[in-house]
Structures are given as C-alpha cells and as structure tokens.
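The structure under discussion appears below in the form of structure tokens.
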Amino acid sequence: MPTTVKRSPEGTSTTEDSPLLGPKNDTMSNAAMPNHGSASPGSTYGMPQTIGHRGFKAAAPENTMAAFKAAAEAGVDAIETDLHLTRDGVVVLCHDETLLRCYGNKAKVRDLDWSEISQLRTLLEPHEPMPRLVDLLEYLGQPGLEDVGLLLDVKTHDDAEDIMKRTAAALDEVTSKQPWETRVTPCCWDAKYIKLSMKYLPTYPITHVGFSTTYARCLVDIPNISFSMLRHTIASPFGLRFLRDMKKLGIPVHVWTVNEESWMEWSIRKEVSGVITDEVALFHKVCDRMGDLDGKSGKRAAGLKSFSLFQFVRFWAEIALFQFLVTAYMARERWRHGSPEHRVNKALNA
C-alpha cells in the first residue's frame, strides 16, 4: 500500500512509542555515569542529552575507537558517527567521502577494500585505524555501556539499498544485552533512506538529519521519528516555531554541531532534546553551571555568560546567512524536483 505523508494536527502525537533519545528522565539509569543530563534539584526542566559528535572529537581523532571510548568515559548519553561502505561492502565509520582529510589518502572510501583501509592511520595522533561498525557495536555491547545510545548518520555517497542492508546485517551480527532497537537510531538525510530504514530496520526509530524545517515538517507522520537539525536553522524564527510545534507533538529535536559555550547555553534555554557536540566536557560544565543557576532561581537561567556584543552580532549574522543559503537551496530543489511534500511522497511511494 502506498505511504502518504501529511502533517499532523498541532497538539496530537503521531506515535504511541517514544523515539530513541526522547525527553530525558530526571535520573539516568546508569548510576556510574555522571548525571550531567538530568534536571537540577528544584528544577522543572531536564538538560538536553549529550551526544558526542563522531565520538569525543576534541579528545581523540574523530570516528575512531579512541574517540568513542573517550565519549563513553566522559558520560555521554549517545555517540554520533558516520557510515560509508568499502569496495567490498564493509560498513566503516568515516565522515568524508574521501580519505584525504583524516588519513592522508586521496582515494574514496568506496574505492578501497577493507583490507587496504584497515592499514591506514589517522594523521592526528595517536594515529588510530578506521573502525568498522561492528567494532563499535562490540564495544558498546560490553557490560556497563548498556545505556549509551548510538546515532548512525548514513552518508549518501554509496548505493542507498546496499548500505542500509549491510547496516542491518552488522546490527544482527553483534548481540547486545539491551536490544539495539532501543539504543540505535539510523539518521537519514532524505525520505529515500527513511523508506529503506523502515524496510531493513523496521523496529528501529528513525532520525531525519537536515537543515530545512519545511522538508522536516513533511516527515512528522513517520512512526517513531525524531529530528537532528543544524543549529542555525532552529535558531531562526521559522526554526523556533518548528521547535515549539515538535514539542507539542512530542517529537525530539536535536541540534548540531554545538561547540561554543554561548550556543550551548542557547540550546539549554530553548530546551532542545539533545546537543551534538565535539566538546563533551565543556557541555557538561555548562549544563552543571546552568543547572545550579536554575535550581537557585527556580527558573531557567536567562543570561548568556559568554555572549559579548560581538558574539551577539555574529550570532544573528550567521543565522541570516544560513537561512539565506537554505532558502536558496530549497528554491532550487523545488524548481528541479517539485515541492518538499511531493519529493517525500514520491520517495516513500517508489
């Protein structure tokens, strides 16, 4: 039966189940982890979840086991990583299409076999190898790490069906005490990948990652959906309205990539569901500080400690620039391929 996507009425929930990385409880289930993400005493709010961008990128080379272990040890709620396929079909963890920036090799990931890629080392010390998805899953399957979630950013450089099928196979290959569908969410840039995720990972939640709230609104009726959006998009007037509407629908909204203290404070004040950051330790400090202020005052801390006049001007200049770029891109896509709603329905019904 064809799938039709339409917007839900405001104030109504589209699913009975809460998406992965939904609103945080007051206490974390893993007592061994620092309680950075929970509400401070006397507060009616919970802090956003801490999501380590490509692991703990500020502490170790991105998308390596060293970065993932550093993130888990720092007490993140979840780890975000990126998926590509090697020439022989191994799902590996690498952000870029090519190996040049991180590994000093001009080849594309898909042009080399795993046996070749496994010999490469990062340019940054301590010169780590590239891991496979199964390597990360085996690590997260260890006792004591059951509460660490995983966001899989499925890059669009490979054959869509092949990478989704092989991602599902990797998840089936490694066991977890807590079922992976309660810990892992595929992050899809467009509706084609969402449809394939529903085909190969039917019991898993889905996150749409993107920068257009217009496109995102066309996906709100997807079961167990959540959104991971560029921070500049959510900070715009259209983005703030989107954030309010998603809160009414009970749909989590995460923002990326938040590394500056002023943006961290902004994210906390706006009560986003999660913050994807390279600077895990800094975000925990900001959460602790603002949580203390919140507990003393009885309401969310209003000030931006590090927001100078220059940063204020830059903040709005960045938002205006990104909003212009997103608008121009969406106008081009509408002219070439039709409206966002048309593109979503076409992809889901293909």
Side-chain angles (χ1 to χ4, degrees), residues 3-26 37-40 43-51 77-78 149 151 182 185 187-191 194 197-198 204-256 258 263-276 287 290-291 294 298-302 319 322-323 326-327 330 339-341 344-345 348:
T3 304
T4 302
V5 175
K6 58 184 179 180
R7 297 180 187 177
S8 300
E10 269 193 22
T12 12
S13 178
T14 58
T15 64
E16 294 181 357
D17 298 323
S18 298
L20 180 76
L21 300 177
K24 178 179 283 297
N25 296 324
D26 283 350
S38 61
S40 60
S43 171
T44 58
Y45 303 102
M47 291 294 175
Q49 293 187 312
T50 307
I51 304 170
D77 296 294
L151 280 69
T182 67
T185 178
C187 299
C188 304
W189 284 86
D190 61 46
I194 289 175
S197 181
M198 296 168 72
Y204 285 68
I206 299 170
T207 293
H208 167 63
V209 54
F211 44 78
S212 169
T213 58
T214 304
Y215 191 92
R217 284 183 183 275
C218 298
L219 302 169
V220 296
D221 281 346
I222 299 292
N224 229 5
I225 193 76
S226 60
F227 296 105
S228 178
M229 306 297 291
L230 178 69
R231 67 185 191 275
H232 302 89
T233 294
I234 297 301
S236 72
F238 299 107
L240 292 173
R241 181 179 177 184
F242 174 81
L243 183 61
R244 290 194 297 269
D245 291 345
M246 294 307 105
K247 286 180 180 178
K248 290 179 182 178
L249 293 172
I251 298 177
V253 177
H254 317 305
V255 290
W256 51 271
V258 181
W263 273 102
M264 292 175 179
E265 293 172 339
W266 178 91
S267 300
I268 293 168
R269 290 201 332 278
K270 296 302 179 184
E271 299 176 36
V272 301
S273 305
V275 167
I276 301 175
C287 286
M290 293 194 71
D294 188 18
K299 60 182 179 180
R300 176 69 69 215
I319 291 173
F322 276 91
Q323 192 63 37
V326 169
T327 302
M330 293 303 295
S339 69
E341 188 172 11
V344 167
N345 284 323
L348 293 177

Can you name the closest pair of heavy atoms from L151 and C187 and give their distance? CB-SG, 3.7 Å
If you measure from CD on E265 to SG on C287, what distance do you get to the nearest 0.5 Å? 10.5 Å
The side chain to side chain contact (heavy atoms under 4.5 Å, CB included) partners of S339 (sequence neighbours excluded) come to R334, E341, H342
If you apply the rule side-chain contact (heavy atoms from CB on, under 4.5 Å), what do you find for D245 with V220, and how did you get there? CA-CA 10 Å; D245 291 345; V220 296; over 6 Å; no
What's the shortest heavy-atom distance between Q323 and T327, and which atoms? O-OG1, 2.7 Å
For the backbone of V275 and the side chain of H254, can you confirm whether one donor and one acceptor N or O come within less than 3.5 Å of each other? no
Closest non-hydrogen atom pair between M330 and S212, with its separation: CE-OG, 3.4 Å
Main chain of I51, side chain of D77: is a donor-acceptor contact present, judged purely on distance under 3.5 Å? no
Distance in Å, L243 CG paired with M229 CE, rounded so as to fall on 0.5 Å steps: 10.5 Å
Search all heavy atoms of I234 against all heavy atoms of V253 and return the closest pair with its distance. CD1-CG1, 4.2 Å
Considering non-hydrogen atoms only, spot the tightest contact between V326 and T233 and give its length. CG2-OG1, 4.4 Å
Going from CZ on R244 to CD on E271, what distance comes out if it is rounded to the nearest 0.5 angstrom? 12.5 Å
Would a 4.5 Å heavy-atom cut-off, applied to side chains only, mark W266 and V258 as touching? no
Between Y215 and A191, is there a donor-acceptor pair closer than 3.5 Å when you use the side chain of the first and the backbone of the second? yes
Restricting to non-hydrogen atoms, name the atom on S226 and the atom on I251 that form the minimum distance, rounded to 0.1 Å. CA-CG2, 3.9 Å
M290 and M264, any side-chain heavy atoms less than 4.5 Å apart: no
With sequence neighbours left out, write down each residue that passes ring pair (Phe, Tyr, Trp, His ring centres under 6.0 Å) with Y204, or none if nothing qualifies. none
Between OG1 of T207 and CD1 of I222, what distance do you get to the nearest 0.5 Å? 12.5 Å
For the rings on F227 and F242, is their centre-to-centre separation under 6.0 Å? yes
With rounding to the nearest 0.5 Å, note down the distance linking CD1 in I319 to CZ in R231. 9.5 Å
T185: which of S197, S228, P205 passes side-chain contact (heavy atoms from CB on, under 4.5 Å): P205
So, do V255 and W263 sit near enough that their side-chain heavy atoms are less than 4.5 Å apart? no
Measuring from atom OG of S267 to atom CD1 of I276, what distance do you get when rounded to the nearest 0.5 angstrom? 10.5 Å
